[in-house]
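These notes are about the structure you will find just below.
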Amino acid sequence: MRASRLFSPTLRKVADAELPGHRLLLRGGFIRPLASGLYSLLPLGWRVLQKIENIVREEMDHVDGQETLLPTLHPEELWVRSGRASKWGPELMRLTDRNNRVFCLGATHEEVITALVAAEARSYRQLPIMLYQIATKFRDEPRPRGGLIRCREFGMKDAYSFDRDKAGTDAVYDEVVEAYKRILKRMELPFRVTLASGGYIGGTDTREFMLISEAGEDALLLCSKCSYGASPDVADWGEKEIRERDTEMLAIERAATPGMRTVEQVTGFLSVRPSEIVKTIICSADGKPVAALVRGDHELNLDLLKKVLGVRSIELAGENMIRSVTRAPVGFAGPVGLENIKIITDEEIKALANFVTGGNEIDLHLKNVNWGRDFEVNQWARLRYAQPGDPCLVCNAPLEAARGIELAHVFKLGTIFSAPLDAAYLDEQGERHFIEMGCYGFGTTRAIAAIAEYSRDENGIIWPLSVAPYQVIIIVVNMEEKAQADLGQSLYQALSEKGLEVVFEDRDERAGVKFKDADLTGIPLQIVVGKHAADGRVEVRRRGRQEKDLVSPEQAIEWCDKEVKSALSEEGIS
RNA sequence: CGGGGCGUAGCUCAGUUUGGUCAGAGCGCAUGGUUUGGGACCAUGAGGCCGGCAGUUCGAGUCUGCCCGCCCCGACCA
């Protein structure tokens, strides 16, 4: 491609973009915004996406995935059947056809694929199947952000596995995990595999492939030593020695705390640390009030509480329930004097003595409260969320807080979709079973953003060869110098004939402009045809590296060829 | 949905406080010339519904109200 014909409008400055990677994608002429959360991919961006898609495609095919293409427009009725029409609510984009039939734009494709398989699969002999597609998804996100990181319309590879039993799903799942590792390695993205919750879709064994990045949207807790990592809402941690209190219990004191309802307010007002306060959270467990106690600097995990209590539903109590239990407005609950209510207490409070609690009276807190003496603990349990510093579940090293960009997601669906959509098969005995499913998503457009975020310098993006829009750029410093123009032209021809993807920077621009644009565009192999052209010498260098070599044109061709071959073979197309 | 910011030339922005020589700058673009190894220089020129609507006023880019759009934080989120 000749740069003089290439549609890649570069920009010096952009407003409305905070993330460095996003800015560089805009500046480099890869993407342009159309509306909030909607982007056009320009020729260079589209080429990058296709490279990414092809890597994904190869690795999915390698684990026996079969590519399909499913409709973007779904009858809403299908989503009603699976129960997700209401679950997703307005996030699912809806529209009507001329007959007033309601359709939605595919936010994901479990329904469609399950319906498809349900219609065709009858026998265990037809299983297992793994189908995937690389297609556009639509979600009316409450807040799109970060350019391609979170869009309302975005590219994704979604795969679905269909097996006769859980063991079958397990096997495919493990294979896809390995495939994803290869995909990310080929894109030269480092990643952590973390545990996550099922979210809207549900399912188990939810794992996310995260690029650790400040630009990430998701908070994570990562082990500082081993590979354990999880999102804070599901992070577990290892046994922690809790030394029971050994300080002397002081006399309980009433402390006026006018208007002080939050931990922050109370700590400030009474000059105590959050870890010296015990929060009392009134919850409604199957409709009955329960008091859950956690340290002021901890967060109550309702899921844990639900499990410990063995109830069906758990939620924070409403104002009325709190008033009737504590006889005080919200913000002053405490365990002392509570009657007819179960008090369940986080185990780490065992270590606390003389702590502050609410006084069950407006504008009142109590100081020097002690468990056992001032109130009875009905049950000790682990009730809080993990936090940085907690010991790793696996190796006991401290967990650290981090942020990540979710690149991919895998989980097991069981029969969540096959049951309502009636995807079943007959086994050897003629018995009917619902198909066991798995779901495996990979964000292709998001991967562009992730690479841009990860692999860059102040001058622009530095694309790995595997996903670069072009592999080589030949920069002719001055097209008016015949020696340079001719040498550039012949190099362009030779490299193209070798099958390399080349941009020929032939524009009538100043050298500085061309260099800046080349760096911004991030094409990994640069050949500069300049003042040494008359002596039959050109410069070669890797984008992002300082070193440059003065070589003959033949050596330059050889060098490009070698760099590309070694990069693409190191990927190990398996 | 809550909080904050912004909307003026293709891009980045000034001008809004205090209504009236207030339609501006730099970059980009076009033409001519000089330049040619890291976003050159000179000259000339084109380019604006000052986000929209409705008010206030003799007069609105500037004040008021409503609306729309974009960005950021939060809530939310395969």
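Proteins get letters first, then strands, A, B, ... in listed order; numbering begins at 1 in each.
- In this entry the distance linking NZ of A:Lys13 with P of B:G10 reads 17 Å, nearest Å.
- Nucleotides B:U18 and B:U8, compared at atom P, are 23 Å apart to the nearest Å.
- Regarding A:Glu217, its CD atom lies at a distance of 12 Å from the P atom of B:A75, rounded to whole Å.
- The pair A:Lys157-A:Glu53 does not count as a salt bridge, with every side-chain nitrogen at least 4.0 angstrom from each carboxylate oxygen.
- Comparing the P positions of B:G48 and B:A23 gives an interatomic distance of 16 Å, to the nearest angstrom.
- With P as the reference atom, B:U16 and B:G51 are 15 Å apart, rounded to whole Å.
- Across all strands shown, B:G47 remains unpaired; no Watson-Crick or G-U wobble contact has both distances below 3.5 Å.
- Across every strand in view, B:U21 sits unpaired, with no contact that passes the Watson-Crick or G-U test at under 3.5 angstrom.
- One P atom belongs to B:U57, the other to B:U44, and the distance between them is 45 Å to the nearest Å.
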Quick tally for nucleotides 35-47 of chain B: nucleotides whose base has a protein heavy atom under 4.0 Å get B, sugar-phosphate-only ones S, the rest -, giving BBBBBB-------
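- Separating the P atom of B:U17 from that of B:G2 is a span of 29 Å, rounded to the nearest Å.
- Here the C1' atom of nucleotide B:C71 and the CZ atom of A:Arg32 are 17 Å apart, to the nearest Å.
- One interatomic measurement links the two molecules: CZ of A:Arg23 to C1' of B:C72, which rounds to 13 Å at whole-angstrom precision.
- Atom name C1', nucleotides B:C22 and B:G15: the rounded distance is 8 Å, in whole Å.
- Between A:His74 and A:Phe138, the ring centre distance reaches or exceeds 6.0 Å.
- Using atom C1' as the reference point in both B:C68 and B:C11, the two lie 23 Å apart (nearest Å).
- Ranked by how close their nearest RNA chain B nucleotide is to the 5' end, A:Glu141 and A:His22 are led by A:His22.
- Pairing for B:A54 is with B:U64, a Watson-Crick or G-U wobble pair whose two hydrogen-bonding atom distances lie under 3.5 Å.
- Counting non-hydrogen atoms of neighbouring residues, nucleotides and ligands closer than 6.0 angstrom, the CD atom of A:Glu264 reaches no more than 12 such neighbours.
- For the pair A:Arg145 CZ and B:C73 C1', the interatomic distance rounds to 9 Å; values are reported in whole Å.
- Remark: the A:Arg150 side chain and the B:C77 base include a donor-acceptor N/O pair separated by less than 3.5 Å.
- Within the structure, salt bridge (Lys or Arg N to Asp or Glu O under 4.0 Å) contacts touching residues 399-409 of chain A (residues at least two apart or in different chains) do not occur.
- A salt bridge is defined here as a Lys NZ or Arg NE, NH1 or NH2 lying under 4.0 Å from an Asp or Glu carboxylate O, and A:Lys279 with A:Glu299 meets this definition.
- B:A9 and B:C66 are spaced 26 Å apart, taking the P atom of each and rounding to whole Å.
- Within the nucleic acid shown, A:Gly147 has no heavy atom closer than 4.0 Å to any nucleic acid atom.
- Judged by Watson-Crick or G-U wobble contacts below 3.5 Å, the nucleotide B:G2 has B:C73 as its partner.
- For A:Asp233 and B:A75, the CG to P distance is 12 Å, given to the nearest whole Å.
- When A:Leu24, A:Thr521, A:Leu41 are each tested for a side-chain contact (heavy atoms from CB on, under 4.5 Å) with A:Phe30, only one passes: A:Thr521.
- Taking atom CZ on A:Phe7 and atom C1' on B:G10, their separation rounds to 12 Å, with Å as the unit.
- Salt-bridge annotation for A:Asp170 and A:Lys412: present, with a side-chain N of the basic residue lying under 4.0 Å from a carboxylate O of the acidic one.
- Both distances falling under 3.5 Å, in either a Watson-Crick or a G-U wobble arrangement, place B:G32 opposite B:C42.
- A side-chain donor from one of A:Thr108 and A:Glu110 sits under 3.5 Å from a side-chain acceptor of the other.
- Applying the Watson-Crick and G-U wobble criteria (two distances, each under 3.5 Å), B:G26 pairs with B:C11.
- Pairs engaging residues 527-539 of chain A under the side-chain hydrogen bond (donor to acceptor under 3.5 Å, both in side chains) rule: none recorded [sequence neighbours left out].
- Residue A:Ala35 is classed as a sugar-phosphate contact, given heavy-atom separations below 4.0 Å to backbone atoms only.
- Counting to the nearest Å, the P atom of B:C73 and the CD atom of A:Glu18 are 7 Å from each other.
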